[in-house]
Protein chains: 2
Amino acid sequence: MTKTQGAASLPLNQILRGDCIDAMDSLPAASIDLIFADPPYNLQLKGALHRPDNSQVDAVDDAWDQFSSFSAYDQFTRAWLKAARRVLKPDGAIWVIGSYHNIFRVGTALQDAGFWILNDVVWRKTNPMPNFKGKRLTNAHETMIWAGRDEGSKYTFNYDALKALNEGVQMRSDWTLPICSGHEREKDKDGNKAHPTQKPQSLLHRVLVGTTRPGDVVLDPFFGSGTTGAVAKMLGRDFIGCERDESYITVAERRLARVRKLDKSALEVTQSKRAEPRVPFGQLVERGMLRPGEKLVNARGQIAKVRADGTLVADQLTGSIHQVGAALDGAPSCNGWTYWSFTREGQKVPIDILRQQIRAEMR
Amino acid sequence: MTKTQGAASLPLNQILRGDCIDAMDSLPAASIDLIFADPPYNLQLKGALHRPDNSQVDAVDDAWDQFSSFSAYDQFTRAWLKAARRVLKPDGAIWVIGSYHNIFRVGTALQDAGFWILNDVVWRKTNPMPNFKGKRLTNAHETMIWAGRDEGSKYTFNYDALKALNEGVQMRSDWTLPICSGHEREKDKDGNKAHPTQKPQSLLHRVLVGTTRPGDVVLDPFFGSGTTGAVAKMLGRDFIGCERDESYITVAERRLARVRKLDKSALEVTQSKRAEPRVPFGQLVERGMLRPGEKLVNARGQIAKVRADGTLVADQLTGSIHQVGAALDGAPSCNGWTYWSFTREGQKVPIDILRQQIRAEMR
DNA sequence: TATTCATATGAATCATCGT
DNA sequence: CACGATGATTCATATGAAT
């Protein structure tokens, strides 16, 4: 299918084979409404990584993620961004997703090329891979940059749609969503994951609902398994994908054939009521609601002292509020939140009151 | 107070007046354990912003946040990072906080200068300022970059303390904390906020508990209202601040005078097992806790026999508790201490229990 | 059918010390 | 510096078998 766009026409809802720069250069200038790009992250992993149970992590070690230096990665980034900028309409916008390995290079290149950053958005993963060796923090998020083509671009932003998606509260710059797994994950003929870094549809759903209109043309220069195309088709947007790996193209085409455009009623999303958020006891210390060194007391008048990392000490015992409570009672377990009290103005107050305060703030 | 550091001495727990580059250049090389930097964000705000109720937002429009171009900001960033890198110990690390206006420039400059990014950490604000005009997403987070001085730096990471702070679950790269407000916010003599961008103590608490040791020297090149110094003092770390604005120095010094160091027991945090002394398995045999010839068993019921020199035999296999365990599982490695159990009174007991007994005696 | 248990796995720059 | 030995280390889901 093609669409007349000014004097030229666009190869809509197709995957363009080969290098994305060549593919974008073949399109007319100022013809695209939105670009979503998931470029290589330049991970540069060294050796194999094993889980504590000795299973090996299936790492992203594909040739397409290998660059010889930051400088080589920058050159690559600036080249594809230049081609991307040419095909964008003056009021068009771009999203790029990445991790700390590459996102700072991408952000700098975007600003240097004249794009105007509108927000950086954090995708908080509900189920990230842990840090198996305990040497760093769990890498639990990825970063997306949303930018207009120019400082003055009149970008599309469906404020009320996103507010509705967020239970009537203005959508924030941090999005909590699970990684792509289960039925949603595309498999090859052996049942293995067909693409190492398939993005969840929920992420693209939010991007496209929030920053495109029905009938808009969305370009994805690194199409991969085709999540952008699948969600675009479902939401009644047109897409153009670029991909140089034939096996990914095969997977994406099979996937796209399965996708049906949603009717209006199906588009209405139902939000599940989220459970009460977990509040670590240490947060009461960090936030100064309890001082390190402060004394807590249980119903029998036994005392424990708070430490800077949110653990307690009582007699010879050390551990979490739950562990120390259980040990003092000789019980297998204990709810520390209701077990311990602190003192304010001569009154004993259960520490759970403080947790409730934090939860109230989080809402 | 000063501390002898090699041949030179450090102006500990003081605020150095003037430009931070000059101040850092006056310090000896390789003398600082950790740097926490909250540089200008280069916001480049245009006009005044009003809330829906027509009150005006008190914007960050200070002269110190004005740069003529991205290039000028980059030059500034690369200059202070160079000075910062010189004063860091080889195994030192740096934290830099910023927003999408500047953090991509900072991250690129860090990587180009040879720092090695360990994590990017998202500070999710529980109570961010909304987007009043409904033109973008609520800017609800800021980004921190944590980086070692070099790729191979043996940075400090108190994994177990952070895990304890997070209720026994590995700490993630997204931290949900409220902004600094209320009585924590430093006020000037008119009762107005004394600094436009004061950071919450909870943020620094987590940074310093997680990535410094008691007695470490923490440098903050953009000291401002002195949050880094206040939390460092409280946690028994030494600090050095740099600040060129006399009014901020006045505020910070008044604030620091109020802060009390926590007592020792409150400062102790959960220790890593790696810090425990190493106990050779042979010592269990020497001490008669296990007899030569005694049988050990793994989870699958496979048996190995203890020899007088502290090696094991199973089938044709001989070697350390780790080597025989790994070989039986066909695994690349194995922690023999948790892999093997012995029998006492009909009960299977992990041999690690015996190691813990020896360690308890050593204390 | 409901519940429990065991197993698999995800964009990861993932160890340290002594010889 | 290279190498070998020691030994520390995981969270949330999805899936499928067993009860």
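Lettering follows sequence order; numbering is per chain, from 1.
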By nearest heavy atom, map A:I179 and A:H101 onto DNA chain C; which one lands nearer the 5' end?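 Mapping each residue to its closest nucleotide by heavy atoms, the 5'-most match is A:I179.
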DNA chain C: 5'-proximal contact among A:N139 and A:N127 (nearest heavy atom):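 Closer to the 5' end of DNA chain C: A:N127.
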Taking [M] as the reference, what is the distance to [N] when you measure between their [atom1] atoms (whole Å, please)?
N: D:dT9; M: C:dC17; atom1: P; answer: 14 Å
N: D:dG7; M: C:dT19; atom1: P; answer: 14 Å
N: C:dG10; M: D:dA8; atom1: C1'; answer: 22 Å

Send over the distance from A:R105 CZ to C:dA11 C1', rounded to a whole Å.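 Rounding to the nearest Å, CZ of A:R105 and C1' of C:dA11 are 18 Å apart.
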Tell me: CD of A:Q56 to P of C:dA12, nearest whole Å?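 Result: 13 Å.
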Using 30° and 60° as the class boundaries, would you call the ring planes of A:Y248 and A:H195 parallel, tilted or perpendicular?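 Because their plane-to-plane angle lies in the 30° to 60° range, the rings of A:Y248 and A:H195 count as tilted.
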Can the ring centres of B:W123 and B:W175 be said to be less than 6.0 Å apart?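 Centroid separation for B:W123 and B:W175: 6.0 Å or greater.
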Between B:W146 and B:Y155, does the ring centre distance come in under 6.0 Å?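 When the ring centroids of B:W146 and B:Y155 are compared, they turn out to be within the sub-6.0 Å range.
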Give a yes/no on whether any side-chain N or O of A:T138 is located under 4.0 angstrom from OP1 or OP2 of D:dT10.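 Negative; the distance criterion is not met.
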Phosphate oxygens OP1/OP2 of D:dG7: is one of them under 4.0 Å from a side-chain N or O of B:R278?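 Yes, such a contact exists.
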Between the side chains of B:H141 and A:D120, does any donor sit under 3.5 Å from an acceptor?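 Yes, A:D120 and B:H141 have a side-chain donor paired with an acceptor closer than 3.5 Å.
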A:S181 side chain, from C-beta outward: closest of C:dT9, D:dA14, D:dT9: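 From the listed options, D:dA14 comes nearest.
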